[in-house]
Amino acid sequence: MTNLQPLKQNQRPISQPRTGEIFHLRSLGHLEEALDIAKEDYENFPTDKRVNSAYYWVLYSLCKDRYLDSTDTTTLVQSLNVMKQLLPQLYDQNGYAKRCYDLLCSRALPHATLIHNCNTACKEHPLEAYTQLRSQVRSAQDLDPSLHTSYAWILYRYLQAVNNSDMTRQEAQANASLYHEYFTLQVDRPSRLHSCMLRSALRFKENLNKEKYDVTFGIVAFLREWDVANFTEEDWQQTPNPKGGNYSSLAEKAAKACYDEIKDNHHRDQADVLWLKSIYKMVLQHVPDDDWLLRQSIGIDTWMGDTSQVIDRYKHLLLSKPDKFFLWNELGDFITNNEKIKAGLYVHARNTGSKEEFVGKIHLKLARLYLRHQSPAASLAELEAYSRCYTRNGWKLNDDYKQLRDQIPQGTVAARDFAMERRCEDAALEMVYSDIEWKQRILAEKVDLSWRQERTLHATCTRRHPGKNQDCTFSHLA
């Protein structure tokens with residue numbers, strides 16, 4: 001019987017391994033004699049990688065040249081088990097020994113021929129290959145682990161072919177179960193296959209969201225089990241898009257998908273939030289200037305209730321990105337204890353905004369604030385601006401528009417209150433730039449020399465000249 005113990009008992013002690021003799025006998029085809037010496041060497045030098053390698057390759061030659069064609073399958077299986085135990089203990093930097101072992105297993109084990117044929121066929125005919133596989137193999141539990149990688153490739157290519165809008169709910173649920181089955185497989189991690197399965201899972205999740213399938217599949221749970229420590233260098237690489245920019249890397253897409261899933265969950269698990277925060281910290285080390293990632297990382301801080309951290313991060317971002325109107329808007333959404341500053345942030349976002357749909361929403365936010373503070377004329381001006389914007393573009397008016405419009409007193413004439421806007425905007429800028437000296441603030445704001453920025457420079461300079469500063473009150477707000 002072939003095992004890790006020698007057949008001979010009470011053999012004479014030897015002073016050094018005889019690996020050279022073993023390899024010579026193997027080259028001559030004297031495999032049984034080489035095997036006896038290899039076992040004896042292993043008994044005396046069990047931690048010597050040269051001895052383990054010599055023992056392994058003798059067994060490989062015996063399996064390939066003798067045992068595979070023999071009816072004695074017991075000896076073949078026992079030899080493969082010994083080779084599997086030896087694999088981690090020998091020199092195999094390029095993985096050649098492991099590939100040779102897998103090839104032997106693919107020829108010797110139950111379902112090996114089926115798996116090999118289906119793996120070859122699935123590259124061109126993934127549905128047919130998967131159907132053929134399932135006709136004989138119910139799950140990976142029926143397979144030796146050496147066949148798991150090929151089995152996983154068959155699953156992956158099948159999922160790539162069928163994850164589309166034509167799925168029924170039952171088919172989508174069945175596909176979700178395959179992603180869970182993948183984690184029962186013994187495959188290399190990290191690896192190209194492991195990355196491919198993550199990419200496929202992200203696509204599957206997008207399809208579920210788009211088609212609104214009632215199927216349980218969480219990308220957060222998937223990525224947690226997938227383990228972000230398994231990202232490869234390729235997983236961090238962005239690829240060029242036709243518009244001159246770059247497509248997000250696989251790692252970025254995975255982080256953003258997890259953010260969206262947790263954002264949509266009103267009962268957020270704080271363990272998931274902390275886990276996601278650590279991922280965003282890692283992702284931002286690779287792409288520190290991605291606006292979406294930066295804003296989403298701030299969103300994670302809001303879920304953790306860290307108010308001061310959120311405000312500080314927005315203020316820090318606005319020093320280097322004062323022209324990013326959406327940052328002013330988001331900080332305005334977050335401010336809840338000072339509606340004068342809140343309105344000023346919205347005014348500045350509206351004044352610097354470049355996207356009509358975005359600016360239209362700002363009009364609606366300002367209308368609500370102005371109405372709450374007894375400025376119906378200013379509120380009506382914002383509502384009319386909102387209506388013109390959306391009507392011009394053929395967009396549906398928000399239900400809030402009618403509700404706010406109905407609250408405007410009869411006979412009100414729309415009129416913007418520029419003085420109030422300026423006071424609010426100046427108060428907001430004062431808050432954002434309060435932590436730096438006014439000379440630094442001038443440098444920070446020289447990105448845009450429009451009249452609004454020039455006026456902002458003047459307003460920020462007045463902090464050092466109290467005599468020129470005006471009272472910053474929000475209309476009727478005390």
Side-chain angles (χ1 to χ4, degrees), residues 1-120 137 140 142-153 185-188 191 193:
M1 180 180 292
T2 303
N3 52 49
L4 289 179
Q5 302 298 324
L7 291 177
K8 298 180 180 180
Q9 301 295 324
N10 302 318
Q11 70 271 21
R12 61 181 175 80
I14 54 179
S15 59
Q16 61 183 6
R18 294 161 290 171
T19 53
E21 182 180 353
I22 295 170
F23 281 112
H24 178 66
L25 289 170
R26 176 171 169 252
S27 68
L28 296 176
H30 301 164
L31 299 178
E32 285 79 4
E33 186 177 352
L35 180 61
D36 288 341
I37 298 174
K39 289 179 179 179
E40 193 172 336
D41 272 7
Y42 183 82
E43 175 68 16
N44 289 278
F45 309 98
T47 61
D48 191 312
K49 287 184 177 292
R50 296 171 300 168
V51 170
N52 296 335
S53 295
Y55 191 8
Y56 178 91
W57 288 113
V58 170
L59 288 173
Y60 171 75
S61 294
L62 282 165
C63 289
K64 182 171 69 72
D65 299 338
R66 310 257 177 103
Y67 302 157
L68 277 176
D69 297 328
S70 171
T71 57
D72 183 9
T73 57
T74 300
T75 301
L76 172 61
V77 172
Q78 289 175 342
S79 298
L80 288 172
N81 288 335
V82 174
M83 291 175 67
K84 183 177 181 179
Q85 295 177 60
L86 287 170
L87 264 175
Q89 309 174 47
L90 49 82
Y91 293 110
D92 189 30
Q93 292 183 344
N94 61 5
Y96 178 70
K98 175 66 164 58
R99 289 194 294 274
C100 288
Y101 168 78
D102 288 342
L103 181 62
L104 284 176
C105 289
S106 69
R107 296 174 59 190
L109 298 171
H111 302 300
T113 301
L114 172 68
I115 296 294
H116 174 75
N117 291 340
C118 289
N119 190 28
T120 301
V137 179
D142 299 335
L143 302 174
D144 185 88
S146 63
L147 301 174
H148 283 189
T149 297
S150 295
Y151 179 84
W153 277 115
L185 305 178
Q186 297 182 32
V187 300
D188 290 339
S191 65
L193 169 62

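All of these numbers come straight from a predicted model, not from anything done at the bench.
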- Which atom names give the shortest non-hydrogen contact between H148 and Q186, and what distance separates them? ND1-N, 2.9 Å
- Query: OH of Y67 to CG of L31: how many Å apart, nearest 0.5 Å?
  - Reply: 8.5 Å
- Which distance, rounded to the nearest 0.5 Å, do you find between the CG of D69 and the SG of C63? 11.5 Å
- Quick one: pull up OG in S79 and CG in L35 and give me the separation to the nearest 0.5 Å. 7.5 Å
Can you give the donor-acceptor pairs under 3.5 Å from side chains of residues 108-118 to other protein atoms, not counting sequence neighbours?
residue	atom	partner	partner atom	Å
N117	ND2	T113	O	3.3

- Note on the structure: Hits for salt bridge (Lys or Arg N to Asp or Glu O under 4.0 Å) against K98, two or more places apart or cross-chain, chain-then-number order -> D102
- Tell me, please, which residues at least two apart from W57 pass ring pair (Phe, Tyr, Trp, His ring centres under 6.0 Å). Y60, Y96
- Query: Distance-only, no hydrogens or angles: does the Y56 side chain make a donor-acceptor pair with backbone N or O of A97 under 3.5 Å?
  - Reply: yes
- Query: For Y151, what residues pass the side chain to side chain donor-acceptor pair (under 3.5 Å) criterion, not counting sequence neighbours?
  - Reply: R134, E181
- Sequence neighbours left out, what pairs pass salt bridge (Lys or Arg N to Asp or Glu O under 4.0 Å) with at least one residue falling in residues 59-68? E32-R66
- Who are the side-chain contact (heavy atoms from CB on, under 4.5 Å) partners of A152, not counting sequence neighbours? Y182, L185, V187, L193
- Query: Roughly how far apart are D144 CG and N81 CG, rounded to 0.5 Å?
  - Reply: 8.0 Å
- Message: For the backbone of H24 and the side chain of S27, can you confirm whether one donor and one acceptor N or O come within less than 3.5 Å of each other?
- Response: yes
- Item | Donor-acceptor pair, side chain of N52 and main chain of L90, under 3.5 angstrom | no
- Message: Looking at every heavy atom in both I22 and A38, which two are closest together, and how far apart are they?
- Response: CD1-CA, 3.6 Å
- Who passes side-chain contact (heavy atoms from CB on, under 4.5 Å) against K84, sequence neighbours left out? Y101, P145
- Item | Distance (rounded to the nearest 0.5 Å) between E33 CD and E21 CD | 7.0 Å
- Decide side-chain contact (heavy atoms from CB on, under 4.5 Å) for L104 and L80; before the verdict, give the C-alpha distance in whole Å, the side-chain angles of both, and the deciding distance to 0.1 Å. CA-CA 8 Å; L104 284 176; L80 288 172; 3.9 Å; yes
- Task: Tell me, please, which residues at least two apart from R50 pass salt bridge (Lys or Arg N to Asp or Glu O under 4.0 Å).
- Result: D48
- Item | Set of residues satisfying ring pair (Phe, Tyr, Trp, His ring centres under 6.0 Å) with respect to F23, sequence neighbours excluded | none
- Note on the structure: When rounded to the nearest 0.5 Å, the distance separating CG of D36 from CG of D41 is 11.5 Å
- Query: Which residues pass the side chain to side chain donor-acceptor pair (under 3.5 Å) test with D92, sequence neighbours left out?
  - Reply: none
- Query: What residues, two or more places apart in sequence or in another chain, satisfy side chain to side chain donor-acceptor pair (under 3.5 Å) together with S61?
  - Reply: R26
- Would you please test Q89 and Y55 for side-chain contact (heavy atoms from CB on, under 4.5 Å) and show each step? CA-CA 11 Å; Q89 309 174 47; Y55 191 8; over 6 Å; no
